[in-house]
Protein chains: 2
Amino acid sequence: MNPAVGRPRSSGADEAILRAGRELMTEHGYAGFSMDEVARRAGVGRQSVYRRWPSKPVLVVAAMTSVGADVDVFADTGSFEGDLRSGLEAMRALYHRSSAALFADVYFAMASDLAARDLFNENHVRPRRRSLARAVERAIERGELARETDVSTVTDLVSGPFLYRRLIAADDLRDVLLDAIVEAVLLLYGAKPQQSSATIDRCSPA
Amino acid sequence: MNPAVGRPRSSGADEAILRAGRELMTEHGYAGFSMDEVARRAGVGRQSVYRRWPSKPVLVVAAMTSVGADVDVFADTGSFEGDLRSGLEAMRALYHRSSAALFADVYFAMASDLAARDLFNENHVRPRRRSLARAVERAIERGELARETDVSTVTDLVSGPFLYRRLIAADDLRDVLLDAIVEAVLLLYGAKPQQSSATIDRCSPA
DNA sequence: TGCAATACGCAAGTCTCGTATCGTTTCATC
DNA sequence: GATGAAACGATACGAGACTTGCGTATTGCA
């Protein structure tokens with residue numbers, strides 16, 4: 001209960017366990033290692049792992065989301081389309097083919113583990129969602145998007161296809177889909193139906 | 001090797017096992033039953049289960065996707081928007097709150113099992129994708145969608161947000177998102193936009 | 001009628017997850 | 001110092017997934 005009472009937790013054990021989890025995930029995938037191996041590699045007892053994280057799914061999510069959680073994915077580039085594109089490119093890089101199986105493992109592991117899902121939301125989804133929300137706010141401020149723009153819907157439209165291609169289609173995100181996402185958001189919520197560069201691009205060569 | 005050699009597989013055992021799996025899933029959820037129970041309820045030995053399906057995840061996916069795999073989700077309603085809306089409603093109903101935990105379990109079952117993922121794609125994803133592709137073809141035929149409509153992108157835009165809300169947000173599909181999906185697809189690929197400035201309209205005169 | 005091949009039920013054995021309990025160690029507080 | 005609370009490594013445990021091996025049953029073919 002009282003954190004100031006009793007022996008304090010071994011400093012460094014948290015990070016050692018997370019690192020071991022990350023390494024074993026990249027080396028062997030979710031099913032390819034046991035919690036015992038995590039403990040051994042981290043140099044701690046098995047119980048010290050379970051004292052910190054209640055299950056393998058939660059530990060895996062914690063390990064895979066513990067780095068780079070504070071990045072502003074949809075950073076300010078001057079225009080909403082720029083913010084959106086650079087953010088999507090960053091996500092595309094993160095979900096790149098090399099780590100596809102890895103992220104599939106993480107996503108599916110969350111599905112029925114409520115604690116793992118909450119942690120994933122906290123560490124991964126929320127920062128990105130907030131970053132996108134800020135980009136939308138800036139866009140409304142600039143007059144690029146309508147005031148009624150529904151951030152939640154934009155998030156779903158932007159992130160959903162990503163997830164689908166990575167998990168279900170098990171394929172990279174193609175340029176045509178990335179363009180379609182950007183264009184769809186601009187068409188749905190663009191404040192002024194003026195010619196956005198997204199639509200011009202498709203016509204300009206002609 | 002040769003299927004005509006040796007004792008043939010017990011006819012009916014396949015279906016009995018799948019039925020038992022389905023029942024136990026709906027009654028107790030993925031973690032709530034053992035393979036032993038599946039075998040007992042189906043009236044077969046445990047090995048007869050593993051002879052047909054290599055793991056519990058694969059069996060569960062097989063059991064949950066073995067019925068209704070041939071439904072034409074995006075059936076012909078007379079218009080593309082109708083097809084799309086009725087299909088989305090059907091998917092929403094399938095993933096509805098009552099069966100949400102069930103499908104979360106199925107996703108979880110796929111977590112560490114590539115074979116289960118492949119089977120899910122084969123039995124669940126592919127038929128829906130094909131159904132949507134047929135609806136798009138009809139729409140192009142009717143002149144509702146542009147000839148260049150990219151079926152793959154439409155699939156991603158339609159199914160992605162669904163998956164995202166189900167897997168990440170663990171929430172129902174809101175009406176506003178469903179409307180946004182329909183509108184986005186129509187804006188992107190609608191062949192004859194009325195007065196709304198759609199992309200195709202600006203490109204087609206060339 | 002034999003024989004090879006395969007499926008069958010059954011049971012024993014291995015592996016891993018997650019829990020519980022040991023004696024020990026490290027801290028704050030008395 | 002002594003004490004109590006909590007973390008530590010180690011280990012035993014129950015449960016369930018999956019494997020392996022046994023003896024038997026059922027088929028096609030020689």
Side-chain angles (χ1 to χ4, degrees), chain A residues 1-18 20-21 24-25 27-63 105 108-116 119, chain B residues 1-18 20-21 24-25 27-63 105-106 108-116:
Chain A
M1 290 287 179
N2 190 347
V5 172
R7 177 174 175 174
R9 292 218 167 149
S10 158
S11 76
D14 292 53
E15 185 47 46
I17 294 168
L18 289 178
L24 287 165
M25 273 293 283
E27 289 170 21
H28 305 109
Y30 184 84
F33 66 94
S34 68
M35 292 295 267
D36 211 34
E37 293 178 77
V38 175
R40 275 205 306 275
R41 184 172 294 208
V44 303
R46 208 145 54 91
Q47 208 41 239
S48 289
V49 178
Y50 280 104
R51 197 172 291 117
R52 290 164 169 81
W53 294 279
S55 69
K56 186 175 177 182
V58 174
L59 169 65
V60 165
V61 169
D105 276 356
F108 284 120
M110 296 184 320
S112 80
D113 195 309
L114 188 61
L119 184 63
Chain B
M1 293 284 181
N2 190 347
V5 170
R7 176 174 174 174
R9 292 213 170 152
S10 158
S11 74
D14 292 52
E15 184 47 46
I17 294 168
L18 287 179
L24 287 165
M25 272 293 282
E27 289 169 21
H28 304 111
Y30 184 83
F33 67 94
S34 69
M35 293 294 267
D36 213 36
E37 291 179 78
V38 174
R40 275 205 305 275
R41 184 173 291 207
V44 303
R46 197 149 35 115
Q47 213 32 244
S48 289
V49 178
Y50 280 104
R51 196 172 291 116
R52 289 166 170 79
W53 294 279
S55 69
K56 185 177 180 183
V58 174
L59 169 65
V60 165
V61 170
D105 275 358
V106 173
F108 176 72
M110 295 189 287
S112 57
D113 201 308
L114 186 61

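Note that this is a predicted model, so its numbers are computed, not measured.
- Considering CG of Asp113(B) and CG of Leu59(B), their distance stands at 11.0 Å, rounded to 0.5 Å.
- Residue Trp53(B) contributes atom CH2, which lies 17 Å from atom C1' of dA17(D) at whole-angstrom precision.
- Contacts of residues 10-18 of chain B with DNA chain D (heavy atom under 4.0 Å): none.
- Of the two residues near DNA chain C, Pro54(A) and Glu37(A), the one whose nearest nucleotide lies more 5' is Glu37(A).
- In this structure, OG in Ser34(A) is found 8.0 Å from CZ in Arg46(A), a value given to the nearest 0.5 Å.
- Rounded to the nearest 0.5 angstrom, Glu27(A) CD and Phe33(A) CZ are separated by 10.0 Å.
- A heavy atom lying under 4.0 Å from DNA chain C marks the following residues of residues 39-52 of chain A, by number: Arg46(A), Gln47(A), Tyr50(A).
- Listed for the Glu15(A) side chain is no donor-acceptor partner under 3.5 Å among the backbone atoms of Gly12(A).
- Between the P atom of dC10(C) and the CE atom of Met35(B) lies a distance of 17 Å, rounded to the nearest Å.
- Summarising the geometry, the separation between CG on Asp36(B) and P on dC10(C) is reported as 10 Å, rounded to the nearest angstrom.
- To the nearest angstrom, P of dG28(D) lies 17 Å from CZ of Arg9(B).
- A salt bridge is absent between Asp14(B) and Arg9(B): the closest approach of a Lys/Arg side-chain nitrogen to an acidic carboxylate oxygen does not fall below 4.0 angstrom.
- The shortest side-chain heavy-atom distance between Val106(B) and Met25(B) falls under the 4.5 Å cut-off.
- Between the NZ atom of Lys56(A) and the P atom of dT19(C) there is a distance of 15 Å, rounded to whole Å.
- Summarising the geometry, atom CZ belonging to Arg51(B) is positioned 10.5 Å from atom OG belonging to Ser10(B); distances are rounded to the nearest 0.5 Å.
- Side chain of Asp105(A) to backbone of Tyr30(A): a donor-acceptor contact under 3.5 angstrom is found.
- Closest contact between the side chain of Arg7(B) and the listed nucleotides dA17(D), dA25(D), dG18(C) involves dA25(D).
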